[in-house]
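Numbers here simply count residues along the sequence, with the first being 1.
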Amino acid sequence: MDQITFRDFDASDADWLVALHGDLYAKAEGFDDTFGPLVADIIADYLTHRDPRCERGWVAVRDGDRLGSIFCVKGPDGWAKLRMFLIHPAARGQGLGRRMLDLCLRYARDCNYAGLTLWTHESHRAACALYQAAGLRVVASRPVHSFGQDLVEQTWQIAF
């Protein structure tokens with residue numbers, strides 16, 4: 001993992017990240033084509049309205065290949081919000097997810113957020129296990145029909 005570096009997300013990464021999300025979630029979860037536009041909207045909002053004092057996105061890179069991303073943005077009531085956390089399947093199982101989550105949590109603490117919150121689905125078991133190991137807890141859960149699938153939406157949080 002030592003050869004992996006983290007750099008700031010920029011506009012040149014947008015198409016890659018939208019395509020990777022759409023492809024991986026379609027294959028792994030059966031998500032329909034409504035998911036990609038949501039990802040594109042989140043990225044466009046970040047690129048247009050990002051506050052560089054307290055919002056940041058990272059791309060994990062090894063030998064010029066992009067392996068994943070994670071974002072820390074402003075959430076409600078002084079909390080940070082984790083967004084766009086994704087690791088390419090070829091880079092999974094090597095501790096990269098933990099490193100990226102630690103990076104995001106450390107940044108949120110350094111920016112004096114009250115805590116960090118995130119939205120995910122119960123079916124993302126590996127990610128949920130990672131969140132739990134880092135001290136986050138489920139604070140809300142509800143069944144939904146999204147992206148062409150019956151899912152259980154979850155909100156996770158950790159206070160600082």
Side-chain angles (χ1 to χ4, degrees), residues 1 4-9 13 16-18 20-31 34-36 38-43 45-46 50-51 54-62 66-160:
M1 295 308 287
I4 294 176
T5 59
F6 301 100
R7 66 166 174 77
D8 288 332
F9 177 90
D13 297 308
W16 161 78
L17 193 53
V18 171
L20 185 61
H21 269 84
D23 183 52
L24 293 180
Y25 279 92
K27 287 177 183 170
E29 306 273 342
F31 282 17
T34 62
F35 186 61
L38 171 66
V39 174
D41 287 348
I42 292 168
I43 291 170
D45 183 65
Y46 174 83
R50 174 182 173 245
D51 182 343
C54 59
E55 295 183 300
R56 194 163 177 198
W58 297 269
V59 175
V61 179
R62 179 176 51 212
R66 293 175 286 206
L67 305 176
S69 68
I70 194 166
F71 288 68
C72 181
V73 299
K74 286 183 202 175
D77 302 321
W79 281 64
K81 190 172 188 180
L82 185 150
R83 307 288 317 253
M84 312 305 291
F85 187 20
L86 185 68
I87 300 171
H88 192 283
R92 293 178 184 163
Q94 303 171 39
L96 178 58
R98 180 62 193 188
R99 284 180 62 192
M100 293 175 74
L101 182 57
D102 287 346
L103 178 68
C104 187
L105 287 166
R106 197 167 43 251
Y107 180 81
R109 284 185 185 100
D110 290 348
C111 288
N112 295 313
Y113 283 110
L116 181 127
T117 188
L118 66 94
W119 167 80
T120 192
H121 297 106
E122 180 182 72
S123 59
H124 304 157
R125 299 198 194 294
C128 292
L130 189 62
Y131 302 143
Q132 186 174 17
L136 285 92
R137 299 290 173 251
V138 176
V139 297
S141 182
R142 70 183 182 109
V144 297
H145 186 82
S146 297
F147 316 118
Q149 298 296 315
D150 290 325
L151 303 164
V152 177
E153 240 177 34
Q154 293 181 327
T155 301
W156 290 69
Q157 291 184 341
I158 186 171
F160 300 142

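Partners of Tyr46 according to the side-chain hydrogen bond (donor to acceptor under 3.5 Å, both in side chains) rule, which considers only residues two or more places apart in sequence or in another chain, are Arg50. Residues satisfying the salt bridge (Lys or Arg N to Asp or Glu O under 4.0 Å) test with Arg92, not counting sequence neighbours, are none. Here Asp102 pairs with Arg98 under the side-chain hydrogen bond (donor to acceptor under 3.5 Å, both in side chains) rule; sequence neighbours left out. Judged as a ring pair (Phe, Tyr, Trp, His ring centres under 6.0 Å), and not counting sequence neighbours, the contacts of Trp119 are His121. Listed by chain and residue number, nothing satisfies the side-chain hydrogen bond (donor to acceptor under 3.5 Å, both in side chains) test with Glu55 (two or more places apart in sequence, or in another chain). For the side-chain hydrogen bond (donor to acceptor under 3.5 Å, both in side chains) test, no residue two or more places apart in sequence or in another chain qualifies with Arg109.
Listed by first and then second residue, the salt bridge (Lys or Arg N to Asp or Glu O under 4.0 Å) pairs involving residues 113-133 amount to none (not counting sequence neighbours). Every pair passing side chain to side chain donor-acceptor pair (under 3.5 Å) that includes a residue from residues 136-150 is listed here, sequence neighbours excluded: Arg142-Glu153, His145-Asp150.
Within the 4.5 Å cutoff, the side chain of Gln94 has no heavy atoms near those of the Arg99 side chain. In this structure, Asn112 and Phe160 have side chains that are not in contact, with every pair of non-hydrogen atoms separated by 4.5 Å or more. Using a 4.5 Å heavy-atom cutoff, the side chains of Leu116 and Cys104 are in contact. With contacts defined as side-chain heavy-atom distances shorter than 4.5 Å, the pair Trp58/Met100 does not qualify.
Once rounded to the nearest 0.5 Å, the distance linking CG of Leu136 with CG of Leu105 reads 6.0 Å. The CD1 atom of Ile42 sits 8.5 Å away from the CG atom of Asp45 when rounded to the nearest 0.5 Å. Atom CG of Asp110 sits about 10.5 Å away from atom CZ of Arg56, to the nearest 0.5 Å. The structure places CG of Leu67 at 5.0 Å from CD1 of Ile4, a figure rounded to the nearest 0.5 Å. Here the CZ atom belonging to Phe6 is positioned 5.5 Å from the CG atom belonging to Leu96, to the nearest 0.5 angstrom.
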Please set out all donor-acceptor pairs under 3.5 angstrom arising from side-chain atoms of residues 22-30, sequence neighbours excluded.
{"unit_1": "Asp23", "atom_1": "OD1", "unit_2": "Lys27", "atom_2": "NZ", "d": "3.3"}
{"unit_1": "Asp23", "atom_1": "OD2", "unit_2": "Lys27", "atom_2": "NZ", "d": "3.2"}
{"unit_1": "Glu29", "atom_1": "OE1", "unit_2": "Ser123", "atom_2": "OG", "d": "2.8"}
{"unit_1": "Glu29", "atom_1": "OE2", "unit_2": "His124", "atom_2": "NE2", "d": "3.4"}

Distance-only criterion, 3.5 Å: show the donor-acceptor pairs between side-chain atoms of residues 70-90 and protein atoms not counting sequence neighbours.
{"unit_1": "Lys74", "atom_1": "NZ", "unit_2": "Asp51", "atom_2": "OD2", "d": "3.0"}
{"unit_1": "His88", "atom_1": "ND1", "unit_2": "Ala90", "atom_2": "N", "d": "3.1"}

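Smallest separation of non-hydrogen atoms from Ala134 and Ile158: O-CD1, 3.6 Å.
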